[in-house]
A.B. asks: 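Have a look at this one before I ask anything.
Quick note on labels: first sequence line is chain A, next is B, and so on, each numbered from 1.
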Amino acid sequence: MSTIITRFPPSPTGYLHVGGARTALFNWFYARHTQGRFVLRIEDTDTVRSTQASADAIFDALKWLGVDWDEGPYFQTQRFHIYTEYVQKLIDAGHAYYCTCSPEEVEAMRRHAMATGGKPKYDGTCREKGLSKCDHAVVRFRAPRTGTTVIHDVVKGDIVFQNAEQDDFIIQRSDGTPTYNFVVVVDDISMGINTIIRGDDHVNNTPRQIMMYRALGAELPVFAHVPMVLGKDKTRLSKRHGAMSVTAYRDMGFLPEAMINYLVRLGWSYGDQEFFTREDLIEKFTLEHIGRSAGVFDMDKLLALNADHIKATPPRLLTPHLMPFLKERGYPAEEGDYLDQVILTLNARSKTLIEMADQARFYYVETVEYDPAAAEKNLKPESLDPLRLLIQHLESLTDFTIAGLEKIFLTVMEATGLKLGKIAQPVRVALTGKTASPGIFEIIEILGKGAVVRRLQQAVDYIETHVAS
RNA sequence: GUCCCCAUCGUCUAGCCCGGUCCAGGACAUCGGCCUUUCACGCCGACGACAGGGGUUCAAAUCCCCUUGGGGACGCCA
């Protein structure tokens, strides 16, 4: 095949949810993998529910994911003249007709069909009436009533539908606006889309669209229907499953690379490989490895992948993602060597950027506040001696490196007869306020002599005034 | 109700197309252990699945059928 052209066509009726994001990713990666083109199209023909705010939210989410587009965004509401033209073309060719049946009448037909054990559908009352344009008339597509329509789906194989199951669907509403199954085909044809990757909730629409391609005399695109993403309870993802908006994950401290990795890996595989960078995916993503069954969205796995990507991302690349969380907490952080070191001590201890920012607190705060339990357990009179000794040695230390620091601690250990653990924990609490933190020597080196001495002295004062015998 | 799709550990999946190498491999989670100045990381180990039933075959997770279960679609929404 020549150049692959894919598209992502969200309707701007809400934020971009994880299922939609995965579809966008599949299309984008496939286009990039094949060095094809990726088109963004906003399906806003439902003028009542569509909003600019939603469209902006979708752009924002795609931008965060790093999904860019070669064409668009096209807005269907700006293409109405094209659809009107095509409707007329279809009517003239006898592939569509006006229908004046009211919604109530059609509803009655559906109920009747359902009651007699059939599929609810329009019965074709106006199909042969040869009605002409008039107020409140809709335009229906004259669908074939016999034979079969088959989808040659790349992921599911051939799917056969009896044409008798279909009905004459509406392509233009009584208010003159066109409907989905019609515009999607017109747009895909006119935009040259030759590969359609979408959720498998669309398979039932596909035979109608294929009929439309035929009526319009256009070549069929390749269809790839990917399975749905389900919630923990194996039902379709919805608000009650918690965060669905892609940007909500950004706000929860996830890296776009982790999100991409997780979403693409959900429903697609490449042998046993679990960790993928964006470049890996561009290189390896093909339609052949898309699975056939629906997958459950698993936050734990996303979290694990996020931790992996945080670990794998160099400080300078992580900084822009972490910075908003640092600022949010009021820390005077800025890109540079200090932050690089901070990140290096925290990246193996953080599943999210929020966790990382929270743990970075002691690096930026002027005076540390002690966790009550930590202070009670570790800041006791018996720690006074080692703490004071440490301050003494630290002040005269010229070799302020981990090696030099180790030497000092050894000296203090010998002088007091205490084991490292007995000394390190009080120091840890003095420096960070907590019992859990990065390595004690690393912290001291990064914080610097001044801050360390100050905090150790603060701990000494604390013990003397609060706990002293 | 009708139509369509799906079915391997709790979850994501490899294997299935081209039966034997699978008493089924990896990852997440869980549980142990090791490492260790704390917490993590890392490493090692444990637990844990071919939905059920019929065929076909010397041989089936792999092919066929049925059942069951799950999902989706039936709009003047997309």
A.B. asks: B:U67 and B:C47: how far apart are their P atoms, nearest whole angstrom?
C.D. replies: 38 Å
A.B. asks: Walk along nucleotides 31-41 of chain B from 5' to 3' and tag each nucleotide B, S or - by protein heavy-atom contact under 4.0 Å, base first, then sugar-phosphate.
C.D. replies: ------BBBBS
A.B. asks: If you measure from CG on A:Asp167 to CZ on A:Arg145, what distance do you get to the nearest 0.5 Å?
C.D. replies: 9.5 Å
A.B. asks: Has the side chain of A:Asp44 got a donor or acceptor that lies under 3.5 Å from a partner of the other kind on the base of B:A78?
C.D. replies: no
A.B. asks: Would you please confirm or rule out a distance under 4.0 Å between OP1 or OP2 of B:U11 and any side-chain N or O of A:Lys234?
C.D. replies: yes
A.B. asks: Across all strands shown, which nucleotide pairs with B:C39 by Watson-Crick or G-U wobble geometry, both distances under 3.5 Å?
C.D. replies: none
A.B. asks: Write down the partner of B:U56 under the Watson-Crick or G-U wobble criteria, each distance required to be under 3.5 Å.
C.D. replies: none
A.B. asks: Mapping A:Lys121 and A:Tyr180 to their closest nucleotides on RNA chain B, which lands nearer the 5' end?
C.D. replies: A:Lys121
A.B. asks: Could you work out the separation of B:G32 and B:G70 based on their C1' atoms and round it to a whole Å?
C.D. replies: 35 Å
A.B. asks: Does B:C17 have a Watson-Crick or wobble mate here (both distances under 3.5 Å), and if so which one?
C.D. replies: none
A.B. asks: If you look only at distance, which donor and acceptor atoms sit under 3.5 Å apart when one is on a side chain in residues 429-436 of chain A and the other is two or more places apart or in another chain?
C.D. replies:
from, atom 1, to, atom 2, distance (Å)
A:Thr432, OG1, A:Arg428, O, 2.8
A:Thr432, OG1, A:Lys434, N, 3.1
A:Thr432, OG1, A:Lys434, O, 3.2

A.B. asks: Taking the C1' atom in each of B:A61 and B:A7, what is the distance between them to the nearest angstrom?
C.D. replies: 12 Å
A.B. asks: Considering only side-chain heavy atoms of A:Asp300, which listed nucleotide, B:G72, B:A14, B:C28, is closest?
C.D. replies: B:C28
A.B. asks: In the structure shown, which nucleotide is the Watson-Crick or G-U wobble counterpart of B:A49, with both distances under 3.5 Å?
C.D. replies: none
A.B. asks: Find the distance A:Glu274:CD to B:A29:P and express it as a whole number of Å.
C.D. replies: 11 Å
A.B. asks: With sugar-phosphate meaning primed atoms plus P, OP1 and OP2, does A:His202 contact a base, only sugar-phosphate, or nothing at under 4.0 Å between heavy atoms?
C.D. replies: base
A.B. asks: Which heavy atom of A:Pro73 sits nearest a heavy atom of A:Phe59, and at what distance?
C.D. replies: CG-CZ, 3.7 Å
A.B. asks: Taking atom types as they are modelled, is there a donor-acceptor pair under 3.5 Å from the base of B:A27 to the side chain of A:Lys301?
C.D. replies: yes
A.B. asks: Between B:G33 and B:C22, how many Å separate the two C1' atoms, rounded to a whole number?
C.D. replies: 29 Å
A.B. asks: If the test is side chain to side chain contact (heavy atoms under 4.5 Å, CB included), which one of A:Leu389, A:Thr411, A:Leu390 qualifies with A:Thr416?
C.D. replies: A:Leu389
A.B. asks: Verify the distance criterion only: is there a donor paired with an acceptor across the side chains of A:Tyr83 and A:Asp187 at less than 3.5 Å?
C.D. replies: yes
A.B. asks: Give the rounded distance in Å between these two atoms: NZ of A:Lys232 and C1' of B:G10.
C.D. replies: 7 Å
A.B. asks: Checking base pairs now: Watson-Crick or wobble, both atom distances under 3.5 Å. What partners B:G69?
C.D. replies: B:C6
A.B. asks: In whole angstroms, how far is the C1' atom of B:U11 from the CG atom of A:Leu303?
C.D. replies: 14 Å
A.B. asks: Enumerate all atom pairs, one protein N or O and one N or O from nucleotides 3-5 of chain B, separated by less than 3.5 Å.
C.D. replies:
from, atom 1, to, atom 2, distance (Å)
B:C5, O2', A:Lys156, NZ, 2.8

A.B. asks: B:A73 C1' sits how many Å from A:Asn181 CG, rounded?
C.D. replies: 11 Å
A.B. asks: Short of 4.0 Å, heavy atom to strand atom, which residues of residues 256-268 of chain A count as contacting RNA chain B?
C.D. replies: A:Arg265, A:Leu266, A:Gly267
A.B. asks: What are the two closest non-hydrogen atoms of A:Phe141 and A:His95, and how far apart are they?
C.D. replies: CD1-O, 3.3 Å
A.B. asks: What is the pairing partner of B:A24, taking Watson-Crick or G-U wobble pairs with both distances under 3.5 Å in any strand?
C.D. replies: none
A.B. asks: Side chains of A:Thr206 and A:Arg198: do they bring a donor and an acceptor to under 3.5 Å?
C.D. replies: yes
A.B. asks: List the residues meeting salt bridge (Lys or Arg N to Asp or Glu O under 4.0 Å) with A:Arg214, not counting sequence neighbours, and say none if there are none.
C.D. replies: none
A.B. asks: Is a donor from one side chain sitting under 3.5 angstrom from an acceptor on the other, for A:Tyr363 and A:Thr345?
C.D. replies: yes
A.B. asks: From the options B:C76, B:A78, B:G72, select the nucleotide whose nearest atom is closest to the side chain of A:Asp201.
C.D. replies: B:G72
A.B. asks: Can you tell me if the side-chain N/O atoms of A:Thr45 get under 4.0 Å from OP1 or OP2 in B:A78?
C.D. replies: yes
A.B. asks: Does one side chain, of A:Gln273 or A:Lys284, offer a donor that lies under 3.5 Å from an acceptor on the other?
C.D. replies: yes
A.B. asks: Find the distance A:Asp167:CG to B:U2:P and express it as a whole number of Å.
C.D. replies: 18 Å
A.B. asks: Name the residue from A:Arg127, A:Arg142, A:Arg140 that meets the salt bridge (charged side-chain N to carboxylate O under 4.0 Å, His left out) definition with A:Asp168.
C.D. replies: A:Arg127
A.B. asks: So, using side-chain contact (heavy atoms from CB on, under 4.5 Å) as the criterion, who are the partners of A:Pro256 when residues are at least two apart?
C.D. replies: A:Trp64, A:His321
